[in-house]
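Before any comments, here is the structure.
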Amino acid sequence: MITRRHFIHTLGAAGLAISSTAKSYARILGSNSRLNFAVIGLNSRAYAHLSALRANKANARISHVCDVESNILKKYVSSASQMMGEEPVGEKDFRNILAMKEIDAITIATPDHWHTPIAILALQAGKNVYVEKPCSHNPAEGALLIEAQKKYGKLVQMGSQQRSSPHTIEIVNKIHDGLIGRAYFAKTWYSNVRKSIGYGKVVPVPATLDWDLFQGPAPRQEYKDNVQPYNWHWFKTWGTGESLNNGTHEVDVARWALGVEYPNSVTSTAGRYQFKDDWQFYDTMVTSFAYDDAMLSWEGKCCNGMKYFNRDRGIEVMGTTGSVIVDRDGYEIYDLNGKKLSEYKADKTATSSSDLVGRDSMTDAHFANFIAGIQKGEKLHQPIAQGNVAVTMLQLSNIAWEVNRELHLDAVNGKVLGDPTAMKMWGREYEKGWAPQL
C-alpha cells in the first residue's frame, strides 16, 4: 500500500481523478514567483504555519490543506482564506495532495507517527518538506528520512524554529568565539501545568473523523474519547512524550552551543507522578547526555509550572570563564561568580510553554529560510540531518527510561551498544502495508 511503486501508481490515478480548474492552472502559472504550499495536519501548530506563510506571503501561498478530521479541516480553510486572501483546496487524504504537480512544498503538523512516512512519500513525489519536530516517531525513521532526503534531493527543514532566531544565532556564535571560555555543560528545562487526560472510554468513531487514516502506519486500536485532537501526544502508539514534544527545542540549542553531536551515553529517570490516568509517558523526566569533555541535561516538568531563572523553558550554558542563559525572548551573560554582565531582550516576545500553537517571529523567519532555500539555494538553518540529532538523543532518553538503565552509544550514529533489548526499541511495529520505505 505504501511502497514507492504502488504509491506512484496511486498518485497517477488520483491525479486523473482531480479536475484541473482555472484556479489551479493559475497557481501553476504563478509558481515561479510564489511557491504553492500544502499544509498537512491542521490542528494546533498548523496555525503557526499559517501565520508564518502569511508573513512570507510575497513568496508563498497556501494552495491546499489537509486533515483527517472534517471539522478541523473546515475551520482551517476558513482561517486560511481570511489570512491569505484566497481559499485553499481542502482534502482529507494527503495522498491526493501529493498527486498535485502544482504543489512545490508541504508542511507537516500531523501527529508524530505520521511525520516520517508523509515526509518520505512527499520527497518521492518531488515536494520540498517542512516537518515539525520531532521529525520521526523513532530513531530508525529519522535515519530513513535522512537517506530519503539524500536520495530524492529535495529540501527538508525540521521545525525547530529557534535555529532561525537572530539573537540565538548571535549568542551561539559568541559562545563558539570564546565568550565564556570553553563551554562544557548545558542545562535545559521545560515547565508546564498540563491537566489529567482521565481514563478514556471506547466509543463510536465520530462521523467527522477518518480513524483509519489517522492511524495510518500505527497498529490499529479502538477509538477512545480522550485521544483526539491533542492528547495523542501522551500515547506511545502515536506520540513521543514531552521530551520530544518540547525538549527537542532546548536540547537542540544546547547541543549547538556546545558544538557536540551524538553523546557517548544517556541516562534517564522519569515517572508519571501528578495524575493517574491513561497518560503512557512521564510527566517529569531528568535525562543526561555524556560526552568526552562536555555534558548536557534536560529536565521536563509538564505538570508543575515551577520556573528556573524565572523562565518556564530555556538553556543555561556554562563555560570556564562564565555562563549564558538563553531562551526564546533573549539572553543574559554572567561572569564566573554569577554576576550579570549584560543582557539582550528580543523585540518580539516569543511563545510561552503553555501556548500550544507557537505563532512567533522565529517561526516566520524559519519559514523564510526554508522558502529562500527552495527559491535561491540559501542554506537551511535546520536541515534534517542536523535536526534529527537532538530528536534521536531524546528518543534514546525514552528508551533509557523504558529499560531503566544507562545506554552506551555509538557516537557516530547514536545506536545503542551491547544492549539488544534496548536496540529492539530503535524502530517500531507498523500496520501491515504501511511501513515507510525508500
Side-chain angles (χ1 to χ4, degrees), residues 27-28 30-41 45-46 48-65 84 97-98 100-110 115-116 118-136 142-170 172-173 248-249 252-253 255-256 358-391:
R27 288 185 177 123
I28 295 172
S31 62
N32 289 330
S33 57
R34 295 177 70 198
L35 299 176
N36 293 323
F37 272 78
V39 183
I40 302 174
R45 183 63 182 162
H49 292 198
L50 172 55
S51 181
L53 287 167
R54 181 182 64 174
N56 290 282
K57 193 175 177 180
N59 295 304
R61 58 163 56 88
I62 298 178
S63 61
H64 296 77
V65 295
M84 300 297 290
I97 294 285
L98 299 186
M100 301 174 187
K101 292 183 178 181
E102 66 264 36
I103 295 174
D104 301 297
I106 68 162
T107 79
I108 303 172
T110 62
H115 286 187
T116 287
I118 291 178
I120 289 176
L121 292 174
L123 290 168
Q124 291 170 344
K127 315 301 183 189
N128 298 286
V129 176
Y130 184 105
V131 58
E132 275 301 331
K133 55 78 222 160
C135 56
S136 62
L144 191 64
L145 180 52
I146 292 171
E147 287 185 45
Q149 189 280 319
K150 292 177 181 177
K151 179 175 181 179
Y152 299 110
K154 292 295 183 177
L155 300 185
V156 181
Q157 173 107 302
M158 194 177 88
S160 38
Q161 64 272 16
Q162 200 165 344
R163 284 278 181 159
S164 291
S165 159
H167 74 262
T168 306
I169 294 170
E170 176 189 8
V172 168
N173 286 338
T248 306
H249 291 293
D252 177 65
V253 173
R255 185 184 73 74
W256 179 21
R359 301 180 184 91
D360 53 56
S361 58
M362 293 186 301
T363 303
D364 297 350
H366 211 44
F367 267 80
N369 170 241
F370 178 54
I371 291 166
I374 298 170
Q375 293 184 323
K376 304 174 184 177
E378 183 175 297
K379 183 179 179 180
L380 294 184
H381 291 163
Q382 189 67 309
I384 192 60
Q386 177 176 274
N388 183 62
V389 177
V391 170

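What you find for Ile118 and Leu98 is that their closest heavy atoms are O-CD1, 4.5 Å. Across Cys135 and Thr116, no two heavy atoms sit closer than the pair O-OG1, 2.8 Å. The heavy-atom pair separating Ile106 from Ala122 by the smallest distance is CD1-CB, 3.3 Å. Contact detail for Gly126 and Lys154: the closest heavy-atom pair is O-CE, 3.2 Å. Between Ala46 and Gly41, the shortest heavy-atom distance links the atoms CB-O, 3.1 Å.
Under the side chain to side chain contact (heavy atoms under 4.5 Å, CB included) rule, His381 has a single partner from Gln386, His366, Met158, Gln162, which is His366.
Looking only at side-chain heavy atoms (C-beta outward), Thr107 and Ile40 stay at 4.5 Å or farther from each other. Residues Trp256 and Val389 have side chains not in contact (no heavy-atom distance under 4.5 Å, counting atoms from C-beta outward). In this structure, Val129 and Gln157 have side chains that are not in contact, with every pair of non-hydrogen atoms separated by 4.5 Å or more. A heavy-atom distance below 4.5 Å is found between the side chains of Ile120 and Leu144. Between Asn388 and Leu145 there is no side-chain heavy-atom pair separated by less than 4.5 Å. Using a 4.5 Å cut-off on side-chain heavy atoms (C-beta onward), Lys150 and Ile146 make contact.
Atom CD1 of Ile169 sits about 6.0 Å away from atom OG of Ser164, to the nearest 0.5 Å. Here Arg34 contributes atom CZ and Ile62 contributes atom CD1; the two are 10.0 Å apart, rounded to the nearest 0.5 Å. Here the OG-CG distance, from Ser51 to Asn56, works out to 10.0 Å after rounding to the nearest 0.5 Å.
Shown here are the side chain to side chain contact (heavy atoms under 4.5 Å, CB included) partners of Ala105, two or more places apart in sequence or in another chain: Phe37, Asn128, Phe370, Ile374. For the side chain to side chain contact (heavy atoms under 4.5 Å, CB included) test, residues two or more places apart in sequence or in another chain that qualify with Gln149 are Leu123, Val156, Ile384.
Within the structure, the salt bridge (Lys or Arg N to Asp or Glu O under 4.0 Å) test picks out no pair touching residues 379-391 (sequence neighbours left out).
For Glu378 and Asn369, the side-chain atoms include at least one donor-acceptor pair closer than 3.5 Å. Neither side chain, His249 nor Ser160, offers a donor N or O lying under 3.5 Å from an acceptor on the other. Using modelled atom types, one finds no donor on one side chain facing an acceptor on the other under 3.5 Å when comparing Asp364 with Gln161. With no hydrogens or angles considered, a side-chain donor-acceptor pair links Asp360 and Thr363 at under 3.5 Å.
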### Task
Step by step, work out the side-chain contact (heavy atoms from CB on, under 4.5 Å) result for Leu53 and Phe367.
CA-CA 7 Å; Leu53 287 167; Phe367 267 80; 3.8 Å; yes
### Query
When you look at Thr168 and Val253, which way does the side-chain contact (heavy atoms from CB on, under 4.5 Å) test go after all the steps?
CA-CA 8 Å; Thr168 306; Val253 173; 4.0 Å; yes
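The backbone N or O of Glu132 sits less than 3.5 Å from a side-chain atom of His115, completing a donor-acceptor pair. Judged by distance alone, the side chain of Lys127 and the main-chain N or O of Ile103 form a donor-acceptor pair under 3.5 Å. In this structure, the side chain of Arg61 does not engage the main chain of Met84 through any donor-acceptor pair within 3.5 Å. In this structure a side-chain-to-backbone donor-acceptor pair under 3.5 Å is present from Asp104 to Asn36.
Residues Arg163 and Asp252 are paired through a salt bridge, judged by an N-O separation under 4.0 Å between the basic side chain and the carboxylate.
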